[in-house]
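Heads up, the thing below is written out as structure tokens.
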2 protein chains.
Amino acid sequence: MSQPMPIGTVSRLAGVKVATIRYYEGIGLLPVPARTGANRRGYDIEDVRRLKFIRHARDLGFDLNAIRQLLALAGLPEQPCDEADTIARTHLAAVGQKIVQLTALRAELEAMVERGTHGRIAECHVIEVIANLNE
Amino acid sequence: MSQPMPIGTVSRLAGVKVATIRYYEGIGLLPVPARTGANRRGYDIEDVRRLKFIRHARDLGFDLNAIRQLLALAGLPEQPCDEADTIARTHLAAVGQKIVQLTALRAELEAMVERGTHGRIAECHVIEVIANLNE
DNA sequence: CTTGCTCCTCTAGTGGCTAGAGGATGTAGC
DNA sequence: GCTACATCCTCTAGCCACTAGAGGAGCAAG
């Protein structure tokens, strides 16, 4: 068997910070690793794979709860993949919603900023708009 | 002079929750109000205006730090409004950035989800993509 | 043997609130 | 006056996903 890796190595290989790895262990997202004689955590390739999975899912915007479920599913190759699909679709819908919101927001901000930067605060369009927004 | 309003009334008028008003007071965003004999906060119209300003700015996505600056500027009508404009433009740029990011994300999620929901986890496209994302 | 890196644990902070405990006061109806 | 009930008070802790830092132990190279 291969030597266990120290946390710093796993961190580099998986692209996840040392502190974050310990955090994931604390919340039960990563299994508690064996310790060396000097009380250091020892990891193997499987841990690196799991951390990469987590990081990729984070990059895709999944929250840790969703990732917890996805990890559980990934460990059951015979199960149907409906559930994983549902998680992904739900997230996709949320991202779409967010884009819609932000796009509306951007339009409002653009309208607000459009008029030039000249003048005193007393006539400042930005301040005015915020002060008098409908309702 | 008008009677001071209790916090619940201000809350209703400004559309800001009671707990949030107290929170804003705690972080110095809202001036510490006078108290009635029974130790209750007493507010006036000016406080309602300020809270509405804060809420509108929050709705526009400004963070409390930016709002703190905008409030300070709003109180100086003779100052030039460049600074307020800059704050708004900076925020607008951030929103634009976020939209770009989320749009890219959405494309990735769409590609991931596109293939049907059929099959076992072992062939699940969603899990596969997350497990093997580049790098 | 010293320097400097990595590792350990533990605590507290980030932003912007929200929820709840536990108690005092005010108001309305009877 | 009494009884509900709403509203107010303070204080603490929780949310999410980390991050930062203190304070100390161990390990490898020169």
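Throughout, protein chains are lettered first and strands after them, A, B, ... in sequence-line order, and every chain is numbered starting at 1.
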Among residues 19-35 of chain A, which ones have heavy-atom contacts with DNA chain C below 4.0 Å?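 Close to the strand are A:R22, A:R35.
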With the side chain of B:A38 defined as its heavy atoms from C-beta on, choose the nearest nucleotide among D:dC18, D:dC9, C:dG26. C:dG26
What nucleotide among D:dC8, C:dC8, D:dA17 has an atom nearest to a side-chain atom of B:I7? D:dC8
Please report the shortest heavy-atom distance between B:H91 and B:L60, naming the atom on each side. NE2-O, 2.7 Å
When the distance from [atom1] of [X] to [atom2] of [N] is rounded to whole Å, what number comes out?
{"X": "B:Y43", "N": "D:dT7", "atom1": "OH", "atom2": "P", "value": "16 Å"}
{"X": "B:R55", "N": "C:dG16", "atom1": "CZ", "atom2": "P", "value": "17 Å"}
{"X": "A:R40", "N": "D:dG24", "atom1": "CZ", "atom2": "P", "value": "17 Å"}
{"X": "A:N39", "N": "D:dC27", "atom1": "CG", "atom2": "C1'", "value": "15 Å"}
{"X": "B:N65", "N": "C:dT14", "atom1": "CG", "atom2": "P", "value": "11 Å"}
{"X": "A:L64", "N": "D:dC18", "atom1": "CG", "atom2": "C1'", "value": "9 Å"}
{"X": "B:L51", "N": "C:dC17", "atom1": "CG", "atom2": "C1'", "value": "14 Å"}

Quick one: pull up [atom1] in [X] and [atom2] in [Y] and give me the separation to the nearest 0.5 Å.
{"X": "B:K52", "Y": "B:I54", "atom1": "NZ", "atom2": "CD1", "result": "13.0 Å"}
{"X": "B:L30", "Y": "B:R50", "atom1": "CG", "atom2": "CZ", "result": "6.5 Å"}
{"X": "A:H56", "Y": "A:L70", "atom1": "NE2", "atom2": "CG", "result": "13.5 Å"}
{"X": "B:R68", "Y": "B:L73", "atom1": "CZ", "atom2": "CG", "result": "13.5 Å"}

Between [X] and [N], is there a contact of a side-chain N or O with OP1 or OP2 at under 4.0 Å?
{"X": "A:K17", "N": "D:dC18", "value": "no"}
{"X": "B:R58", "N": "C:dC17", "value": "yes"}
{"X": "B:R41", "N": "D:dC8", "value": "no"}

Taking for B:I54 and for B:T36 the nucleotide of DNA chain C with the nearest heavy atom, the one nearer the 5' end belongs to B:I54
Apply salt bridge (charged side-chain N to carboxylate O under 4.0 Å, His left out) to B:E46 and B:R49, showing your working. CA-CA 5 Å; B:E46 190 44 47; B:R49 256 197 291 275; 2.9 Å; yes
Would you check if A:L64 and A:Y23 make a side-chain contact, meaning some heavy-atom pair closer than 4.5 Å?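 Yes - at least one pair of side-chain heavy atoms lies under 4.5 Å apart.
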